[in-house]
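Below you'll find the structure, written out as structure tokens, and then a few comments.
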Amino acid sequence: MLQAAFDERGIDARHELLDVTVPQLAGVIDEVRGGDFLGAQVTIPHKERVVPLLDRLTEEAQATGAVNTITKEGKRLVGHNTDVAGFRVALDRLVGRQKMPKQAIVLGAGGGSRAVTYGLITGGFQRVVVFNRHLHRAEALVKHFTKSAAHMELRAMPWHVSIIEAELLKTRILINATSIGLHGDVSPLPAEIIPAGLLVMDLIYNPPQTRFLRDAVAAGADTTTNGLEMLLHQGTAQFELWTGQSAPLDLMRERLDAALAAREESADDAAADASAASAAAGSGAPAVPAGE
Ligand SMILES: NC(=O)c1ccc[n+]([C@@H]2O[C@H](COP(=O)([O-])OP(=O)(O)OC[C@H]3O[C@@H](n4cnc5c(N)ncnc54)[C@H](OP(=O)(O)O)[C@@H]3O)[C@@H](O)[C@H]2O)c1
């Protein structure tokens, strides 16, 4: 979507993928500093590790302790976190014309959760509860935001179904920021504890309709959304930071949809191949359709 945006705006830039190991990170950042770069994107597992290698952080990057975007001011590198801006747009879409709720539950305490939690803290929420499999990570997140969340109640709670169930009855917004559902048709929560009437977001965008979202719909959710809107808008924010121009939103959405559809198709093909192979292996026949 970013290359399409550069091309559309006539900007002579190439969006390239670099596979960077942890020991290579500092060297690559030096290359970005000295070379002919507009900036860089940073993703798992480097979002936090890159922070000390930069010269300045924006408020969101400072507050979350994570950087997903680097821009350049001469030879100085500035770290941004556009996941927060992307989440804010996604949240606004989820809530629509209703009044913004004041309470939310966040599942997960990784990098995605940090962007979400900061978006909620700065979005006027009064009570946010973060559940995580490893409680210490949720507690560290809450500690990290002590200052930003001084005006509201931000709590870490242990991942016990009965506690989550009780908290779900006190909230309007439920967000999955774990990676459960990214691989395999699984949900972080038992379907039967999801109450009706919630606004539900899954940060996962591929698959587009996770079991978590399907269970929420079946339970009578008010509205649900996947992570596509957040992904799109963190990308449009990056484009604007690098170029100073407005992003071609519709084109970027189109390209993103097309890329995800292509990925889904190839995943379906792979699954069909695998099931043909296992059926064939089960019957002792060669793994090719009959007649070929
Ligand atoms: N839409 C977007 O733009 C966007 C942006 C950022 C992230 N995301 C998505 O959000 C998800 C999380 O990303 P991240 O960067 O936060 O990853 P991360 O830092 O690796 O965190 C993963 C989270 O998932 C939890 N988790 C993983 N497997 C689990 C399991 N089997 N049982 C219980 N908890 C489990 C982890 O819990 P523990 O701490 O206990 O291990 C942790 O809270 C991913 O699916 C990612 O694709 C989407």
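In listed order, ligands and their atoms are each counted from 1.
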Apart from Leu198 itself, residues in the same hydrophobic cluster as defined by side-chain heavy atoms under 4.5 Å: Ile105, Leu107, Val129, Phe131, Met157, Trp159, Val161, Ile163, Ile164, Leu168, Leu174, Leu189, Ile193, Ile194, Val200, Phe212, Leu213
Side chains of Arg88 and Thr122, donor plus acceptor under 3.5 Å: yes
Shortest heavy-atom approach to atom 43 (O) of ligand 1 - which of Asn132, Ile175, Thr178: Asn132
Nearest protein heavy atom with distance in Å, relative to atom 27 (C) of ligand 1: Ser179 OG, 3.2 Å
Within-cutoff protein neighbour (heavy atom, under 4.0 Å) for atom 46 (C) of ligand 1: no
Within the 6.0 Å centroid threshold, strictly below: Phe6 and Phe239: yes
Numbering as shown, the atoms of ligand 1 that approach Gly227 to under 4.0 Å (heavy-atom distance): 1 (N), 2 (C)
Carboxylate-amine/guanidinium proximity below 4.0 Å for Lys47 and Asp83: yes
Option whose closest heavy atom lies nearest to atom 42 (C) of ligand 1, chosen from Arg114, His183, His134, Arg137: Arg137
Which of the ligand 1 atoms, numbered from 1, are nearer than 4.0 Å to a heavy atom of Gly108: 43 (O)
Proximity to ligand 1 by part of Ile204, non-hydrogen separation under 4.0 Å: side chain
Option nearest atom 8 (N) of ligand 1 (shortest heavy-atom distance, choices Leu141, Leu203, Leu182): Leu203
Nearest candidate to atom 7 (C) of ligand 1, where distance is taken over non-hydrogen atoms, out of Gly110, Gly112, Gly184, Ala140: Gly112
Nearest-contact summary for atom 32 (N) of ligand 1 - protein heavy atom, Å: Ile180 CD1, 3.3 Å
Structural part of Trp159 in contact with ligand 1, heavy atom criterion under 4.0 angstrom: neither
Taking atom 5 (C) of ligand 1 as the reference point, the nearest protein heavy atom with its distance: Met230 CE, 3.7 Å
Numbering as shown, the atoms of ligand 1 that approach Tyr205 to under 4.0 Å (heavy-atom distance): 1 (N)
4.5 Å side-chain heavy-atom contact, Ile70 and Phe37: no
Salt bridge flag under 4.0 Å for residues Arg114 and Glu60: no
Between Gln98 and Arg172, a side-chain donor and acceptor under 3.5 Å: yes
Atom 12 (C) of ligand 1 - nearest protein heavy atom and its distance: Ala177 O, 3.4 Å
Side chains of Ser162 and Glu165, donor plus acceptor under 3.5 Å: no
Mode of Ala115 contact toward ligand 1 - side chain, backbone, both, neither (heavy atoms, under 4.0 Å): neither
Stepwise side chain to side chain donor-acceptor pair (under 3.5 Å) check, Gln234 with Asn68: CA-CA 9 Å; Gln234 63 80 29; Asn68 77 332; 3.3 Å; yes
Gln41, Gln3, Gln238 screened by side chain to side chain donor-acceptor pair (under 3.5 Å) with His15, the one that passes: Gln41
For ligand 1, the portion of Arg133 having any non-hydrogen atom under 4.0 Å away: both
Heavy atom of the protein closest to atom 17 (O) of ligand 1 (residue, atom name, distance): Ile44 CD1, 4.2 Å
Asp55 side chain reached by Lys75 side chain, heavy atoms, under 4.5 Å: no
